[in-house]
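Notes follow once the structure below has been shown.
These figures come from a predicted structure and were not determined experimentally. Heavy-atom basis, side chains included; hydrogens, waters and symmetry copies ignored. Lettering follows sequence order; numbering is per chain, from 1.
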Amino acid sequence: MFNKEKIEAIIKERQRWEEEILQDSLETLPESRNTFTTISGLGVKRLYTPEDIKDLDYERDLGFPGQYPFTRGIHPTMYRARVWTMRMFSGLGTAEDTNRRFKYLLEHGETGLSIAFHFPTLMGYCSDDPMARGEVGKCGVAVDTLKDMEILFDGIPMDKITTSMTINPPAAVLLAMYIVTAEKQGVSKKEIGGTIQNDMLKEFIAQKTFMLPPEPSLRIIVDTIEYCAKEVPKWNTISISGYHIREAGSTAVQELAFTLADGLTYVQACVDRGMDVDEFAPRLSFFFNAHIDFFEEIAKYRAARRMWARFMRERFGAKNPRSWMLRFHTQTAGCSLTAQQPYNNIIRTAYEAMAAVLGGTQSLHTNSLDEVLALPTEEAVTIALRTQQILAEETGVINTIDPLAGSYFVEALTDKMEEEAMRYIDKIEAMGGMIAAIEKGYPQMEIADAAYRFQRDIDKVNRTLVGVNKYITDHPPVEILRIDPEVERRQIARLQEVRQKRDNKKVKERLQQLRHAAQGKENLMPYIIECVREYATIQEICDVFREVFGRYQDPGLF
Amino acid sequence: MSSERSSGDIKIQVCSRWGVREMGEERKVRIMIAKPGLDGHDRGARVIARALRDAGFEVIYTGLHQSPEQIVAAAIQEDVDAVGLSNLSGAHTYLFPRVVELLREQGADDIVVFGGGIIPDEDIPKLKEAGIKEVFTPGTLLEDIIKWVKENIKPRR
């Protein structure tokens with residue numbers, strides 16, 4: 001962007017400034033620290049100038065929004081035409097409880113739904129399995145059968161709202177339930193829109209809800225991608241997630257690198273299945289964390305878009321511009337919140353949300369102040385939603401596209417993120433790809449190291465965490481949401497009723513057909529849909545998978 | 001220490017693992033960090049496991065998705081002095097007391113149980129009443145946990 005002579009003049013001027021101006025200043029008022037770093041440990045210089053981005057080529061590296069390489073955003077108008085989707089991750093108790101929460105949020109201006117399931121559903125168990133004891137409805141909503149999904153969407157028009165489902169090992173089962181529920185509302189699967197997370201690689205790496213070993217997990221993921229490309233064209237078939245990698249303690253660079261490496265693995269697997277890249281790539285979506293280090297996060301999103309566009313066009317030869325676009329959801333960082341002085345969490349979340357928006361997110365969840373203690377109360381979740389509405393409608397950040405582009409610092413940091421992430425991606429590829437790396441425990445241990453380093457820094461007060469290691473005061477406890485112990489009993493009663501009322505002979509037949517298909521090579525989605533339609537439980541379906549494919553056990557690395 | 005537990009295969013296994021110890025030499029405190037239930041949040045558990053190991057304790061980590069029965073069997077098998085339970089899904093009210101109860105049933109109630117995770121303040125007295133010796137909530141410094149372990153957990157023999 002600058003010619004050589006100009007850069008040389010700037011360098012000369014900088015050296016003069018350092019000797020004549022800076023030196024004096026440092027002597028009279030030394031800096032508070034010897035080194036300044038981002039929260040991930042990337043060095044940050046005192047000052048950035050054109051010298052730091054001397055190789056930046058505007059057309060090549062930034063371009064225009066809605067155009068390759070999408071560094072400045074995926075839409076030509078970004079938030080001027082339509083602000084991001086405000087999608088609050090919600091789920092509690094039974095389907096009735098969550099249906100009420102959904103309706104409350106929609107009435108208050110939420111624009112998309114996002115379902116949080118309780119752990120038994122996430123892991124493919126029913127609410128009455130011994131492993132489910134104590135978990136029912138606690139960390140999300142209990143969904144055992146189609147019946148629960150029907151109740152969840154009672155009175156919510158599935159042709160008008162898009163829904164994101166945070167679900168991984170049994171993602172295909174929940175998608176099937178969603179499809180059949182929509183059908184019962186008279187909405188065809190061609191019309192429904194939404195996302196299943198369906199990203200097992202990051203489960204092995206970070207979130208740790210796993211069921212089957214990596215290879216069969218990948219097979220089922222590719223089945224869903226392949227099925228949706230033909231049958232559910234508006235569905236985002238996967239949400240390739242860095243969020244949980246970051247929550248597990250990774251750095252921003254690791255989050256970026258491991259997420260893209262996972263994405264490359266899925267694309268390759270689909271190509272290996274024989275699919276044309278442009279047939280499925282436009283429906284791939286991403287999910288990133290918004291942590292507290294403001295500029296680092298913005299740089300991360302910008303680098304992610306640019307890197308993905310290049311991978312898709314150059315490595316996979318995608319021709320459809322939609323295949324090059326990295327579309328992403330963001331959630332503010334749960335792990336940045338503190339149980340101490342919980343009202344401070346509102347402030348943290350607001351900064352994080354702003355970073356996500358300045359980084360060009362397509363949808364956003366803002367954490368509630370009390371999520372470090374329990375599922376959020378209605379009051380807390382309303383403040384979190386209002387945080388987004390204030391951002392969208394009061395602050396003016398939406399007025400222009402990618403407003404931090406051209407900042408010497410942000411551009412230099414964007415380049416740095418890309419360079420460091422590429423180093424990791426190259427290393428993973430040299431190991432034989434992400435599955436091989438996971439089997440070696442490589443990303444898991446990199447994250448564990450970073451998490452431990454971070455915690456030691458907090459302990460030693462190398463890093464401030466307000467209310468935890470500095471500015472410590474007592475704060476009266478905030479009121480938290482409790483899940484009624486009756487939830488477990490009610491949910492199990494409903495499940496038993498479903499088991500009694502359904503046609504058990506048909507269920508058995510459908511499960512047998514699924515087992516047969518799983519043993520072969522057919523796409524499993526149509527079989528799963530038929531099981532779900534007959535009210536087979538999530539556990540019955542997942543047990544078929546566990547029997548055919550085996551289970552994955554946590555290696556317990558630390 | 002029940003006589004039942006100091007006899008049979010378990011003891012032999014433990015001895016072979018520990019090698020020959022000089023008479024009177026105190027062995028290192030041995031702690032199992034365990035993840036009961038279906039909760040997958042293991043960042044805290046693994047950070048604590050590492051911190052205790054670096055502080056000089058012998059540490060075993062169970063890995064995820066363990067039933068209370070599996071944890072208790074492993075704790076007895078591994079002859080640990082304490083079990084640290086981690087849960088962030090809200091299931092602690094069932095899972096933590098269940099581990100204590102099973103240890104009691106097995107005559108191993110001299111194994112100290114402590115825990116941590118997303119645990120509302122109001123649950124802590126109930127957990128303590130149920131036999132959980134200490135509960136650590138988010139924001140606890142590693143050094144405070146290490147200090148507590150040093151003061152409260154001794155080799156059982």
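Of the two parts of A/Ala374, only the backbone, made up of N, CA, C and O, holds a non-hydrogen atom closer than 4.5 Å to a non-hydrogen atom of chain B. Using a 4.5 Å cut-off between heavy atoms, B/Arg53 touches chain A through its side chain atoms alone. In this structure, the portion of B/Thr93 lying under 4.5 Å from any heavy atom of chain A is its side chain and not its backbone. Within the 4.5 angstrom heavy-atom criterion, atoms from both the backbone and the side chain of A/Glu135 approach chain B. Both the backbone and the side chain of B/Asp39 have a heavy atom closer than 4.5 Å to some heavy atom of chain A. For A/Asp370, no part sits under 4.5 Å from any heavy atom of chain B, backbone or side chain. Neither the backbone nor the side chain of A/Pro555 comes within less than 4.5 Å of any heavy atom in chain B. In this structure, chain B has no heavy atom under 4.5 Å from any part of A/Glu488. When heavy atoms are compared at a cutoff of 4.5 Å, A/Leu373 approaches chain B solely by way of its backbone atoms N, CA, C and O. Heavy-atom distances place the backbone of A/Glu247, and not its side chain, under 4.5 Å from chain B. Both the backbone and the side chain of A/Met131 come within less than 4.5 Å of a heavy atom in chain B.
In this structure, the side chains of A/Phe558 and B/Val59 come closer than 4.5 Å at one or more pairs of heavy atoms. B/Asp123 is listed as a side-chain neighbour of A/Arg482, based on a closest heavy-atom distance under 4.5 Å.
Around the CD atom of B/Glu69, the shell of radius 6.0 Å holds more than 12 heavy atoms that belong to other residues, nucleotides or ligands. The 12-atom threshold is not exceeded at NZ of B/Lys147, counting heavy atoms of other residues, nucleotides or ligands nearer than 6.0 Å. Applying the 6.0 Å contact sphere to CD of B/Gln70 captures more than 12 heavy atoms from other residues, nucleotides or ligands.
The distance from atom CE of A/Met123 to atom CG of B/Leu38, rounded to the nearest 0.5 Å, is 5.5 Å. Separation of atoms CG (A/Asp554) and CD (B/Gln66) is listed at 8.0 Å; rounding is to 0.5 Å. The line from OG1 of A/Thr209 to CG of B/Leu64 is 10.0 Å long, rounded to the nearest 0.5 Å. To the nearest 0.5 Å, atom CG of residue B/Leu95 and atom CZ of residue A/Arg133 are 9.0 Å apart. Rounding to the nearest 0.5 Å gives a distance of 7.0 Å between OG1 of B/Thr140 and CD of A/Gln340. The structure places CZ of B/Arg50 at 10.5 Å from CZ of A/Arg456, a figure rounded to the nearest 0.5 Å.
With respect to chain B, the highest number of heavy-atom pairs below 4.5 Å among A/Thr338, A/Ile447, A/Asp449 belongs to A/Asp449. Interface check for chain A: of the options B/Ile118, B/Leu142, B/Val47, B/Thr62, the most heavy-atom pairs under 4.5 Å are formed by B/Leu142. Top candidate by heavy-atom pairs under 4.5 Å with chain B, chosen from A/Lys208, A/Glu203, A/Gln553, is A/Lys208. With chain A as partner, the option from B/Gly37, B/Ala51, B/Ser89 having the largest number of non-hydrogen pairs under 4.5 angstrom is B/Ser89. Note: A/Ala248 leads A/Ala339, A/Ala132, A/Pro477, A/Ala248 in heavy-atom pairs under 4.5 Å with chain B. The candidate from B/Glu143, B/His65, B/Glu122, B/His41 with the greatest count of non-hydrogen atom pairs under 4.5 Å with chain A is B/His65.
Of all heavy-atom pairs spanning B/Gly139 and A/Val468, the tightest one is O-CG1, 3.6 Å.
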Full working for side chain to side chain contact (heavy atoms under 4.5 Å, CB included) between A/Lys138 and B/Tyr94 = CA-CA 12 Å; A/Lys138 288 275 176 63; B/Tyr94 167 70; over 6 Å; no

